[in-house]
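Beneath this line is the structure, given in structure tokens, with notes to follow.
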Amino acid sequence: MEYNFRAIEKKWQEQWVHSKVYQVKNDSSKPKCYVLDMFPYPSGAGLHVGHPLGYISTDIYARYKRLKGYNVLHTMGYDAFGLPAEQYALETGQHPAVTTAKNIKTFREQLDNIGFSYDWSREINTSDPSYYKWTQWIFLQLFESWYNRNTQKAEPIRTLIAAFEKDGNAGNPCPGDRTIQFTAEQWKSYSEKEQREILMQYRLAFLAYAEVNWCAALGTVLANDEVVNGVSERGGYPVVKKKMRQWFLRITEYANRLLDGLETVEFSEAMKEMQRNWIGKSQGAEIKFAIKNSDEKVEVYTTRPDTIFGVDFMVIAPEHELVQKITTPEQKAAIDAYLEYVQSRSERERMSEVKQVTGCFTGAYAINPFDGREVPIWIAEYVLAGYGTGAIMAVPCGDQRDFNFAQHFHLPITNIIGEGFNGTEANPTKDAILQNSGFLNGVDMRTAADLVIDKLEEMGIGRRQINYKMRDAGFSRQRYWGEPFPIVYKDGVPYAIDEKDLPLELPHVENYKPGPEGEGPLANITDWVNIAPGVKRETNTMPGYAGSSWYFLRYMDPHNTHTFADRKVTDYWNQVDVYVGGTEHAVGHLLYSRMWTKVLYDLGYIGFQEPFKQLINQGMIQGSSRFVYRIHGTNQFVSHGLKDQYETDKLHVDVNIVDGLVLDTEAFKKWREEFAGATFLLEDGQYICGQEVEKMSKSKFNTVNPNDLVEKYGADTFRMYEMFLGPVEQSKPWDTKGIEGVHRFLKKLWRLFVDEQKGVVVTDENPTPEELKILHTAIHKIDSATNTFSFNTAVSAFMICVNDLTSIGCRKRNILESVLILLAPYAPHVAEELWQLIGFNESILNAPYPVYKEEYTKESNFTYPIALNGKTKTEMSLGLDLDNAALEAAVLANETVQKLLDGKAPKRVIIVKGRMINLVV
RNA sequence: GCGGAUGUGGUGAAAUUGGUAGACACGCCAGACUUAGGAUCUGGUGCCGCGAGGCAUGGGGGUUCGAGUCCCUUCAUCCGCACCA
């Protein structure tokens, strides 16, 4: 009987399906554990070896926790709405639902091949109406809620209306527009339309005109994180700013809670830092400066109010509304020219020429409230309209950009930090003592900041202000393949559709071309859009992140038709205990899902406000591409070492027909028709390819399909090899070479149990202390390594264990049973098979995890390294029960040591019991 | 520019957190069994040196009896953000 992994794996995969061993109940006397993967977008390319890295980790962990006595929720599904399917539909006319279903089928087959323990009865698909019904429902909750800054949580919009009817909006200033102010009487006098317009400024999901990233080539609006260097992430098409009426989520109201929540979760420091940067909290002050000969005021935001005596000029954004009002007639022509220049510059240019200093003087002067100094007001593109107040007070001695600006335009620089400023570059210190600063002279900057703000508040021209870089999240897409908004417009006023009419299903369309004026394809279906005279549907759809913002909740209760997930069930499963996925979702998906969770928590639908307790970022598996070199204009290929002698074209070649770096030339000729007649210039009889590490992608022919490896070595080998590659968090190029070693290990393990001729050879003898030591060393190492996601070291511990047991010929049931249970999470098929072969009828999944007993690994002796001045010279086996004096005596009596000491006595003897002994001379 | 991470043999990587650097594998070398082997098994394999021995964790410095691990400094690579006042 040899290790026939193909038969074994097929048998157990069928057996698992048949006996429903992975179905999980929503209650149990056992403690719960929720282990989740970021669900994939089912692309047409299928899975490559990079995808399962995370999935295998979670599967091992989930199986491990189950053996440890937990009720484990471990699920998989598909993030199935999205642009690629729609692009494909545009090109081929195939309905996205059709291609998506096909892709899902491929993914499922590939996943099943690897032997995962998902509870597939809970599978979800975000494009399924039974799922997006609840995405739409949650959207309506967002639409019907506002953020109460007094209670610091989301509340139903009716509590806001009640407040308006009582006190107007005095207690609840408008987050969308601070200038909106009204009394209770005024509120009651407004028409319904006016009231709803005001409420819109408060809703968590709201409509606003805003500049969006408009990509004409894709015919759609893109999120900031879908725009890279001014072009679309997909396709690399140009992106421009365009004003459109868009849905937004008021995530900025949650900025502070999203920030504070990071303290309560276990994410990597890198991940937390990325989110902190994205949220970008800063504390400072808003200050109003009077303008000379004008009633206008210019309001700036600064984080450094302490430097107010160092203000030498003001800069406002070119888009700032004050520009037209304060520009003097003499400067008008210059300013107009500058504005024209700014408008002519694409987003891309502005980004790529960050260091260039440009600007223009308005002719107006602002007045420093403390010393009455008049400083010029400039406009410049380095000041952004969208951040703070769109205006700054410039302190060139303390801020490098202000300094560069002052130098460029020859503006005088006031020094308020004495020797701290050297005149050649700005010094942004906060630790100087102020000089040249009126009433602040001699005060340190940190203290001065508070003094200034207090004084400004007293004078009524300034106040403390916290700002965030984060913007509200755009939530509309002019696309077809997404969730339709459950919204209708009556005379242009948006209303929620009735909950009982959910889901609002995505209608069928004839084609996927964008609608008129940048609208989505839905706008083309006029009889769907126009419900009644004056009543129209929303034609935008929701963005890709809508469905993924809450899917972890649906897995808990996937078939519930009354609610998105029953409160009792979400209370039971609670937070995701371990969430595994790539870093690319650091600021998108992770922030949105954290926000949705907080909203649902505020509204009382769930009982926790952080979705993911622990996050592990799997590294990216890169592709290791191979290249061949074709002599230009011929069909002759030259080996890598000889290529410099010719003029060649470098071509990607399929990594699957290259062994290491050696090309299989026959396979190459068959690979593509155009190479059928290829000839080769070889080195030492071989064609050597070039290699480069690149992203794994079909177009680079460097993808490796897990199916091929599973076919050749088996799922168990594949699983363990992926883990053996290195720490899960680390990115590394894929290399199939080492898989043999893991395969050998499994064959060796098999031979511990089964002899080719004799069959099962396991005995019932009692284990020796040596065997128990091998086992318990393995238990200790594997248990803790699995628990800490250090799977690569666990695999090596398995190898050591099996090597040791093989070399002493141990075939004892007592030992081997435990080894199998340890192995079951890693290589579930072979573990089940051997478990059955040694006589168990029940699945190994329900066996108890072995418990480490220290007594078996305890030694009476320890082989001490004996070092002289910290350098190991020899070793001695000495009793662990010896005290330091006895150890010292034994060491000094040692022949080698005496020779080394050469008659001299050591100055000091350092003894670390059970570790080492060091002689200092 | 700011923030984060990483740097260890020919390769992937270990190292109980300050205590024998290179476990476990791949690759390579030698051998055994073989008609054969891309099967299996045995031994070897950081570098220099015939050897005793010396040198080695990106470089330089420091703390310590002892540093891959802590501190300072410097270089390189990768990732994220990027005119955020």
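With rounding to the nearest 0.5 Å, the separation of OG1 in A:T389 from OH in A:Y301 is 10.0 Å.
For A:R6 and A:E711, the salt-bridge test passes: some basic side-chain N is under 4.0 Å from an acidic carboxylate O.
Within the 4.0 Å cut-off from OP1 or OP2 of B:C41, at least one side-chain nitrogen or oxygen of A:R751 is found. For the pair A:K747 and B:U40, the criterion of a side-chain N or O lying under 4.0 Å from OP1 or OP2 is met. Side-chain nitrogen and oxygen atoms of A:Q730 include none within less than 4.0 Å of the OP1 or OP2 phosphate oxygen of B:U6.
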Table of protein N/O atoms under 3.5 Å from nucleotides 15-25 of chain B N/O atoms:
unit_1 : atom_1 : unit_2 : atom_2 : d
B:U16  : N3     : A:R915 : NH1    : 3.4
B:A25  : OP1    : A:N803 : ND2    : 2.6

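Between B:C81 and B:U74, the two P atoms lie 27 Å apart (nearest whole Å). Going from the P atom of B:U35 to that of B:C29 covers 24 Å, rounded to whole Å. A distance of about 16 Å separates the C1' atoms of B:G7 and B:A14, rounded to the whole Å. Only the C1' atoms considered, B:G9 is 15 Å distant from B:G58, to the nearest whole Å. For the P atom pair drawn from B:G62 and B:A56, the interatomic distance equals 14 Å after rounding to whole Å. For the P atoms, the distance linking B:G68 with B:G18 amounts to 13 Å, nearest Å. A gap of 10 Å separates the P atoms of B:A67 and B:A21, to the nearest Å. Separation of the C1' atoms belonging to B:U77 and B:U8 is 15 Å when rounded to the nearest angstrom.
The A:E273 side chain lies nearest to B:G3 when the options are B:A85, B:C26, B:G3. Residue A:R908 has its side chain nearest to B:C65 when only B:C65, B:C83, B:A85 are considered. Closest to the side chain of A:A270, from the set B:C83, B:G4, B:A85, is B:G4.
Partner assigned to B:G22 is none, using Watson-Crick or G-U wobble distances below 3.5 angstrom. Look at B:C81: its Watson-Crick or wobble partner, with both distances under 3.5 angstrom, is B:G1. Across all strands shown, B:U64 remains unpaired; no Watson-Crick or G-U wobble contact has both distances below 3.5 Å. The pairing partner recorded for B:G7 is B:C75, the criterion being a Watson-Crick or G-U wobble arrangement whose two distances lie under 3.5 angstrom. Nucleotide B:C50 is matched to nothing when pairs are restricted to Watson-Crick or G-U wobble geometry with both distances under 3.5 angstrom. Using N1 to N3 plus N6-O4 or O6-N4 for Watson-Crick, or N1-O2 and O6-N3 for G-U wobble, each under 3.5 Å, B:A36 pairs with nothing. Remark: B:U57 base-pairs with no nucleotide; criterion is Watson-Crick or G-U wobble with both hydrogen-bond distances under 3.5 Å. Across all strands shown, B:C28 forms a Watson-Crick or G-U wobble pair with B:G44, both key distances being under 3.5 Å.
Residue A:H585 contributes atom NE2, which lies 13 Å from atom P of B:G80 at whole-angstrom precision. In this structure, A:M723 atom CE and B:A14 atom P are separated by 13 Å, rounded to whole Å. Distance CD (A:Q400) to C1' (B:C2): 14 Å, rounded to an integer number of Å. Rounded to whole angstrom, the span from the CD atom of A:E425 across to the P atom of B:G1 amounts to 12 Å. In this structure, CZ of A:F791 is placed 17 Å from C1' of B:A14, rounded to the nearest angstrom. Rounded to an integer number of Å, the gap from NZ of A:K732 to P of B:U6 is 14 Å. In this entry the distance linking CG of A:L384 with P of B:A85 reads 10 Å, nearest Å. The distance from atom CG of A:D735 to atom C1' of B:C26 is 8 Å, rounded to the nearest whole Å.
When ring centroids are compared, A:H640 and A:Y687 stay outside the 6.0 Å threshold. In this structure, A:Y382 has its ring center closer than 6.0 angstrom to the ring center of A:F405. Checked against the 6.0 Å centroid criterion, the rings of A:Y338 and A:Y341 qualify as a close aromatic pair. In summary, the aromatic rings of A:Y592 and A:W278 are positioned with their centroids too far apart to meet the 6.0 Å limit. You'll find the ring centres of A:F798 and A:Y826 inside the 6.0 Å limit. Taking the ring centroids of A:H589 and A:Y545, they lie at or beyond the 6.0 Å cut-off.
The heavy-atom pair separating A:P396 from A:A406 by the smallest distance is CB-CB, 3.9 Å. When all heavy atoms of A:F267 and A:Q275 are compared, the pair lying nearest together is CE2-NE2, 4.2 Å.
Residue A:K712 is classed as a base contact, given a heavy-atom separation below 4.0 Å to a base. Nucleic acid contact class of A:K737 (heavy atoms, under 4.0 Å, all strands): sugar-phosphate only. Residue contacts for A:K907: at a heavy-atom cut-off of 4.0 Å it reaches no nucleic acid atom on any strand shown.
Between A:A385 and A:P727, the one whose closest nucleotide on RNA chain B sits nearer the 5' end is A:P727.
A syn base is found at B:G9: its glycosidic angle is within 90° of 0. Glycosidic conformation at B:U17 (O4'-C1'-N9-C4 for purines, O4'-C1'-N1-C2 for pyrimidines): syn, within 90° of 0.
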